[in-house]
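Residue numbers start from 1 in every chain, and the chains themselves are labelled A, B, ... in the order their sequence lines are given, proteins ahead of strands.
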Amino acid sequence: MKKPYHHQSIEDKWQKHWQKKKLFKTENSSRKPKYYILDMFPYPSGAGLHVGHPEGYTATDIVSRYMRMKGYNVIHPMGWDAFGLPAENYAIKTKIHPETSTLNNIKTFKRQIQELGFSYDWDREIATCLPEYYRWTQWFFRFLYTNGLAYKKKAPVNWCKNCRTVLANEQVINGHCDRCKKVVIQKKLAQWFFRITDFIETKKGTSGLLKGLDKIDWPESTKIGQRNWIGKKEGVIIHHQVEGTNIQLDTFSAYPAWLFADTFIVIAPEHPLLKELVRGVSHENAVNDFVKECKKMSTQERSEENLEKKGVFTGSYALDSFNQGSKMPIWVANFALMDFGTGIIRCSAHDIRDYQFASKYHIPLKEVVDRVNELEPVNAHGNEGTLKDSGPFSGKIISEQLIKEMKEWIIQQKIGKKTETYRLRDWLVSRQRYWGAPIPIVYDNEENEYLVPEEELPVKLPTDVDFNPTGESPLVHSKSFHNPKDLMRIERKLKKSGVMPKDRTLVRRESDTMDTFVCSSWYFWRFMDPKNKKAFADKKIINRMGPIDLYVGGAEHTVLHLLYARFFTKALHRHGMVQYDEPFMKLRHQGMILGEDGEKMSKSRGNVINPDTIIEQYGADTLRIYEMFMGPFEQMKPWSMKGVLGVYRFLQKVWRLAVETPKTKGKPQATTTKMLHQTLKKVTHDIEDFKFNTAVSQMMILVNHLQRLEKIPGEALEMLLICLYPFAPHLAEELWEEMGNKKMIMEQKWPKYNPKLAKEDLIALPIQVNGKLRGTIKVDADISREEALDLSKTQPVVAKYLKDKEILKEIFVPGKIVNLVVR
RNA sequence: GCCGCGGUGGUGGAAUGGUAUACACGAGGGACUUAAAAUCCCUUGGAGCUUGCUCCAUGCGGGUUCAAGUCCCGCCCGCGGCACCA
């Protein structure tokens, strides 16, 4: 009876069956324990699904199917991160409305994802660009605003001339736009910010963005990435009086070892105190010119590594708090940055940058450590040397302990205080773009801002817009967006509630939209209660179904998305809306899949693999298993068509085993039973540890074994199919049915392996002499020490090495090894 | 410069301090076949010779240990992140 493995019809059959019967629908009311497994939802790009997507999705699908068999109520949803620049840029080029292209892309993505047979509950599908979703994104804006966590500020912002929009700090890579790679410049604009910095440290019972990391199961490198991004530095602030005035200048120091060496001070050109420091007309002119020159430069130019260090003397001196009686000239310098420390720096010969600056302008320097090499300035961050000319610290060797003492001394002497600085800034969320959620704010004739009342949400995106970027949001010129009738209605409501004075009139809406990262900062809650019309999600439900037990996605979201989602969770927690203050309990990243040439897949290189082609030729089950078998989940790895074929052959082998090999009802032989339990054990542990590649190889070992049998015991086939099911659900389901089972394989319980049966009872015990392998003996696994040693010594291959030697030491590790140390 | 990750056969990779190279790919040989494909079986880290034994191999150099791919110290190389950071 020959019947070929026909993957197309099998996969089509089971996918239809699953969908028609809604077999993966999750009820929030289930009595089973919940387990929430989430993929980072994709941006539905025009290019369609990338082979990198199914890598993560297969992993979560394996865990989902496994956990369901273990008796959990698994919530496993999928949706679309559907707002964003690419759709808008596409609209500019082709005049196709972003909504049209996005919905089209979603269709393609959904088809492709469904063809891979993932067990998503499609009744929970969401798309962030739909009004019923972004209504709640706007609700979150209201929530943050109401609680003082959203504010508008005129600030120098990162501006991309090409995209004609503001970018968050996180979207500026080396001074270049994250999207178009063009140089980013600074521009002063009124922008909306979220107060994420209020959540860095633990406060009011909500763990901070730093502390919270300690209690979650995330890759250590990701935690470190978040800590670095937050960039907490503990140090001291030093106070200085400006000579002849009451002005106080504060400088920051993270490492106070060299403070006695400092001889001059530099201040950032943007610093508000600068004006008050300028003395005399000539200095005033020079400073004004210099500030103007600095303003002309872009961030990129100003942070160029070998930018010429430039500065101008202000005419003022600060009194040195360390060296009594000394005066420190105050300079404006282009390397002093307003957004680090206090914007003012104490400078010394022990910093290469400061040293170069001082040499150029002939500013006197002082050294507090003897230099080894006269030509080189001592590195400021080195931690070697003995201090001299350093007040009470002269003669002491620099050490962690000494730094501590110096900090204490500074506080005692009242010349400074302890402080922390952070790299993290508040999150700039305004975007001068169309394809995003409108910010729910209106303005009156005096430019006062008001929140759009909740019942007026969603503030819908209009369709009468011109996409060509002008630097203003396309919404500015939309007539329907600023419809006077709507504004009057909102005005009446605002006046009625007493928020807005009677003598004013609303004139316009806020026409900026929100950063798409806002939409993706809360989507995991919407999945829990996607149809809710009264709230973004029911409070009881988000406490019941959350937090996310397992979150899987690319490592490129190490900072941005993960930090923002944590911030949202903490904001809700602080205001009593949710019981947990971390959203993602366990996080794993999939490694990037490279092209066959070992390079990143890209259209221009022509090394892109289309999942559709693989599915058509080899089937979804092959693609799924291949991507798991490629290598360690989190590791980067190149694609191999030959490898795909190998997996396909494996599945065909399984097929033939089940369909062509005669079955027997009897108990499997001892060796087969052993291998079954070993496989079950390994697959169980490997799924839980995300070691899918070795789980697959163990199943291959089992299949190779079974293939050699004349008849295959039914029990063995059953167990193999159960192990295989999470990986290749279509094939497993089909063969399960083929075996004559009435119930589906997905309804089976995940069997517990028998540790006794999984254990080998006869082992090949290696015998070493002086650590070198000299032979192995077949023995009982729990052989005694004496027996093992005796047996070892009498082995001819071993005895040869023991002849005329004195045995110094006998090592026996039960079940592992014998080592005889001789001389 | 700082932080993180990695370096094992021809290739992807496996290995709680305990037989390094599982599993897969590729290659070679054989069976089946008129032939090919498919399938199955055998061989496959390197070197040497006396062909079943010896030596050498986990980026390099040291160390700890009865025993190191694994732990420690010092380097080299590749990848990723941050960086005029006071």
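Rounding to whole angstrom units, CD1 of residue A/Ile224 and P of B/rG81 are separated by 16 Å. Between the P atom of B/rG18 and the CD1 atom of A/Ile767 lies a distance of 18 Å, rounded to the nearest Å. A/Arg774 has its CZ atom 19 Å from the P atom of B/rC66, to the nearest Å. In this structure, CE of A/Met636 is placed 14 Å from P of B/rG7, rounded to the nearest angstrom. In this structure, the CG atom of A/Leu706 is 14 Å from the P atom of B/rC40, given to the nearest Å. Atom NZ in A/Lys233 sits roughly 12 Å away from atom C1' in B/rC3 (whole-Å rounding). Rounded to an integer number of Å, the gap from A/Ile344 CD1 to B/rC85 P is 18 Å. For the pair A/His589 NE2 and B/rG81 P, the computed distance is 14 Å after rounding to whole Å.
Using a 90° window around 0 for the glycosidic torsion, B/rG81 falls outside it and is classed as anti.
Taking a cutoff of 4.0 Å between a charged side-chain nitrogen and a carboxylate oxygen, A/Glu55 and A/Lys637 qualify as a salt bridge. The pair A/Arg823-A/Glu806 counts as a salt bridge, with a side-chain nitrogen and a carboxylate oxygen less than 4.0 angstrom apart. In this structure, A/Glu293 pairs ionically with A/Lys310, as a charged nitrogen and a carboxylate oxygen lie closer than 4.0 Å. Between A/Asp354 and A/Lys309 there is no salt bridge, since no side-chain nitrogen of the basic residue lies less than 4.0 Å from a carboxylate oxygen of the acidic one.
OP1 or OP2 of B/rG4 has not a single side-chain nitrogen or oxygen of A/Arg227 nearer than 4.0 Å. A/Asn693 has a side-chain polar atom (N or O) that falls below the 4.0 Å cut-off from OP1 or OP2 of B/rA14. For B/rC40, the OP1/OP2 oxygens have a side-chain nitrogen or oxygen of A/Arg656 closer than 4.0 Å. For B/rC25, one of the phosphate oxygens OP1 or OP2 lies less than 4.0 angstrom from a side-chain nitrogen or oxygen of A/Arg649. Phosphate contact (OP1/OP2 of B/rG18, side-chain N/O of A/Gln768, threshold under 4.0 Å): absent. Close to B/rU19, at under 4.0 Å from its OP1 or OP2, lies no side-chain N or O of A/Lys772.
Nearest-nucleotide assignment on RNA chain B puts the 5′-proximal partner with A/Thr694, out of A/Thr694 and A/Arg346. Both A/Ser253 and A/Met630 lie close to RNA chain B; mapped to their nearest nucleotides by heavy-atom distance, the more 5′-ward contact belongs to A/Met630.
Using a 4.0 Å heavy-atom cutoff across all strands shown, A/Asn704 reaches sugar-phosphate atoms only and no base atom. Among the protein residues, A/Glu634 comes within range of no part of the nucleic acid, since none of its heavy atoms lies under 4.0 Å from any strand. Within the nucleic acid shown, A/Ala764 comes within 4.0 Å of at least one base atom, counting heavy atoms only. Counting any heavy atom pair closer than 4.0 Å across all strands shown, A/Gln635 reaches sugar-phosphate atoms only and no base atom. Contact annotation for A/Gly225: no contact, since no heavy-atom pair falls under 4.0 Å across all strands.
When the nucleotides B/rA86, B/rG13, B/rG4 are ranked by their closest atom to the side chain of A/Arg353, B/rA86 comes out on top. In this structure, of B/rC23, B/rC85, B/rG13, it is B/rC23 that holds the atom nearest to the side chain of A/Ile701. Across B/rC25, B/rC40, B/rA86, the shortest atom-to-atom separation from the side chain of A/Gln707 is found for B/rC40. Checking B/rU19, B/rU54, B/rA86 against the side-chain heavy atoms of A/Phe252 singles out B/rA86 as nearest.
Relative to the ring axis of A/Phe812, A/Arg785 does not place its NZ or CZ within 45° and under 6.0 Å from the centre.
Taking the six-membered ring for Trp and the full ring otherwise, the centers of A/His685 and A/Tyr753 sit less than 6.0 Å from each other. Taking the six-membered ring for Trp and the full ring otherwise, A/Phe264 and A/Trp331 have centroids separated by 6.0 Å or more. Here the two rings, on A/Tyr648 and A/Phe650, have centers that are 6.0 Å apart or farther. The six-membered or imidazole ring of A/Tyr422 lies away from that of A/Trp229, with a centre-to-centre distance of 6.0 Å or more.
Distance noted for atom C1' between B/rU16 and B/rC25: 29 Å (whole Å). B/rA83 and B/rG4 have their C1' atoms separated by 15 Å, given to the nearest Å. Between the C1' atoms of B/rC72 and B/rU65, the separation comes to 12 Å (whole Å). Taking the P atom of each, B/rC73 and B/rC5 are spaced 14 Å apart, rounded to whole Å. Comparing B/rA31 with B/rA37, their P atoms sit 14 Å apart, to the nearest whole Å. The gap from the C1' atom of B/rA67 to that of B/rG80 amounts to 36 Å, rounded to the nearest Å. Of the C1' atoms belonging to B/rU64 and B/rG81, the separation is 34 Å, rounded to the nearest Å. Between B/rG61 and B/rA68, the two P atoms lie 15 Å apart (nearest whole Å).
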Under the 3.5 Å Watson-Crick or G-U criterion, the dot-bracket string of RNA chain B, with | for inter-strand pairs: (((((((..(((.....[....)))((((((.......))))))(((((..)))))..(((((..]....))))))))))))....
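Contact check of residues 810-823 of chain A against RNA chain B (heavy atom, cut-off under 4.0 Å) returns A/Ile811, A/Val813, A/Lys816, A/Ile817, A/Asn819, A/Val821.
With contacts defined as side-chain heavy-atom distances shorter than 4.5 Å, the pair A/Glu234/A/Thr421 does not qualify. At a threshold of 4.5 Å between non-hydrogen side-chain atoms, the residues A/Ile411 and A/Lys418 count as touching.
Open room surrounds CD on A/Glu710; 12 or fewer heavy atoms of other groups in view lie less than 6.0 Å from it.
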